[in-house]
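In what follows, every chain begins at residue 1, and chains take the letters A, B, ... in the order their sequences are listed. Scope of the values below: all heavy atoms of this structure, side chains included, with no hydrogens, waters or symmetry mates.
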Protein chains: 2
Amino acid sequence: MPRVSQDHLDARRRQILDGARSCFARFGYEGATVRRLEEATGLSRGAIFHHFRDKESLFLALAEDDAHRMADIVAEQGLVQVMRELLVDRPDGLDPEHEHPADWLGTRLEVSRRLRTDPEFRARWAERSQQLTTATRQRLHRQRESGNLRDDVPVEILSSFLELVLEGLVSHLAMGLPADDLEPVLDLVEETVRRHRRTAP
Amino acid sequence: MPRVSQDHLDARRRQILDGARSCFARFGYEGATVRRLEEATGLSRGAIFHHFRDKESLFLALAEDDAHRMADIVAEQGLVQVMRELLVDRPDGLDPEHEHPADWLGTRLEVSRRLRTDPEFRARWAERSQQLTTATRQRLHRQRESGNLRDDVPVEILSSFLELVLEGLVSHLAMGLPADDLEPVLDLVEETVRRHRRTAP
């Protein structure tokens, strides 16, 4: 396949994913009809489903894309930073300007919901979700090597701890509970995995 | 009202709540039909709805009852103990003997689900959920007075931290993810709020 054609395919795929992301975030999986996906991407259903077999495949590609982005942030800045970004981008029910919840959180919530209710989706998602765990563990191993991580608890436990807090945060935001007091909680979470310097002032 | 009659009413109410709890845990809120509630409680619909206005009120009474029990455990043993009991009682999809998920987790999951999807329920639940937060904070204040709690982080932050982890645990179990590695994670959570003795062997 000539190079220019591959670039074109990649760009078109990106266009579909970006449009679909805001569409899923706004209307949820069920509410993201083919017509709405056409509007959001600016492409015909023929063009969309030339690139993705069906809506399910499109959603999985999107969730996988987000998992890549999360894994990148984890690799660079750690899982707590992913959580901090969820806090900043959280939907604000009181502010009419914020009609769209953070696209990222939207996809993540939809993944959580479908994991609960759809065993087939759970199986398809399992292999993809391993990515974030792997990125988190690699990051923690590097942090340990540089002496930034506490060394009295195995990396696997610290990684599970961080993922559990992330899940709690997603759930908390999904329930529309107040998140104003969570910044210092995330500071505490971060401090818990770091090498300890609590005696400093 | 004569004393014997009040005792009778209390016992009948308890009978309904116990039957309804396992019914909701087994079939979910929507699936717990009036017929199934009759079977589970051994009482007629007339008797059930003499004590509770409707299914919604029955469910709220149940969730409130569980919140009381959780608050009692929190007062005596702390929120981490509540989490440990969720781990022990967790539903085991691989074991055909365990048809019923832990009744407690069942109610809690149903509360989480309805909080996400039902704004009216969210309003009715808000006042009741405060109870667990209050019990957790009171417990932490007592622990601080006895010198068992770290004193460099406000009790409110520690309480929010514990509740966030609880929410993550409920979500984790709801998604059917493996929970075998979570005991040491809860040890870490407990250690995080305790007065620090990490230098000890």
Side-chain angles (χ1 to χ4, degrees), chain A residues 28 83 93 109 111-119 121-123 125-126 129 133 150-154 156-193 195-201, chain B residues 28 83 93 109 111-119 121-123 125-126 129 133 150-154 156-193 195-201:
Chain A
M83 299 187 216
L109 288 179
V111 167
S112 292
R113 192 185 69 77
R114 302 197 64 208
L115 280 172
R116 282 192 192 84
T117 55
D118 184 345
F121 178 79
R122 197 183 294 175
W125 179 249
S129 67
T133 302
R150 63 189 292 172
D151 51 15
D152 58 341
V153 176
E156 289 67 28
I157 306 297
L158 296 177
S159 169
S160 296
F161 166 71
L162 291 175
E163 289 189 80
L164 202 63
V165 175
L166 171 65
E167 201 50 60
L169 183 61
V170 168
S171 182
H172 186 95
L173 296 173
M175 289 190 282
L177 298 172
D180 311 326
D181 60 344
L182 292 184
E183 277 287 345
V185 173
L186 294 187
D187 293 341
L188 178 63
V189 168
E190 189 152 44
E191 188 238 51
T192 299
V193 301
R195 176 175 289 280
H196 212 61
R197 298 191 186 88
R198 201 184 288 169
T199 46
Chain B
M83 298 187 217
L109 288 179
V111 167
S112 291
R113 192 185 69 78
R114 301 197 65 208
L115 281 171
R116 282 191 192 84
T117 55
D118 184 345
F121 178 79
R122 198 183 294 175
W125 179 249
S129 68
T133 302
R150 63 189 292 172
D151 51 14
D152 59 340
V153 176
E156 290 67 27
I157 304 297
L158 296 177
S159 169
S160 296
F161 167 71
L162 292 175
E163 290 190 79
L164 202 62
V165 176
L166 171 65
E167 201 50 61
L169 183 61
V170 168
S171 183
H172 186 95
L173 296 173
M175 289 191 280
L177 298 173
D180 311 327
D181 60 344
L182 292 184
E183 277 288 344
V185 173
L186 294 186
D187 293 340
L188 177 63
V189 168
E190 189 153 44
E191 188 237 51
T192 298
V193 300
R195 175 176 289 281
H196 213 61
R197 296 191 188 88
R198 201 185 289 169
T199 47

Of A/Val153, A/Leu158, A/Leu162, A/Leu164, which is the lone residue that meets side-chain contact (heavy atoms from CB on, under 4.5 Å) with B/Val185?
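The option that passes is A/Leu164.
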Pairs where residues 158-170 of chain A contributes a residue and the test salt bridge (charged side-chain N to carboxylate O under 4.0 Å, His left out) is met, not counting sequence neighbours
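Only A/Arg108-A/Glu167 qualify under salt bridge (charged side-chain N to carboxylate O under 4.0 Å, His left out).
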Value rounded to 0.5 Å, distance of CG in B/Leu182 from CZ in A/Phe161:
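Here the rounded value is 12.0 Å.
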Go through the structure and list residues passing side chain to side chain donor-acceptor pair (under 3.5 Å) with A/Glu156, not counting sequence neighbours.
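Checked A/Glu156 against side chain to side chain donor-acceptor pair (under 3.5 Å); zero matches.
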Any side-chain heavy-atom pair of B/Arg150 and A/Leu188 under 4.5 Å
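Yes, at least one pair of side-chain atoms sits under 4.5 Å.
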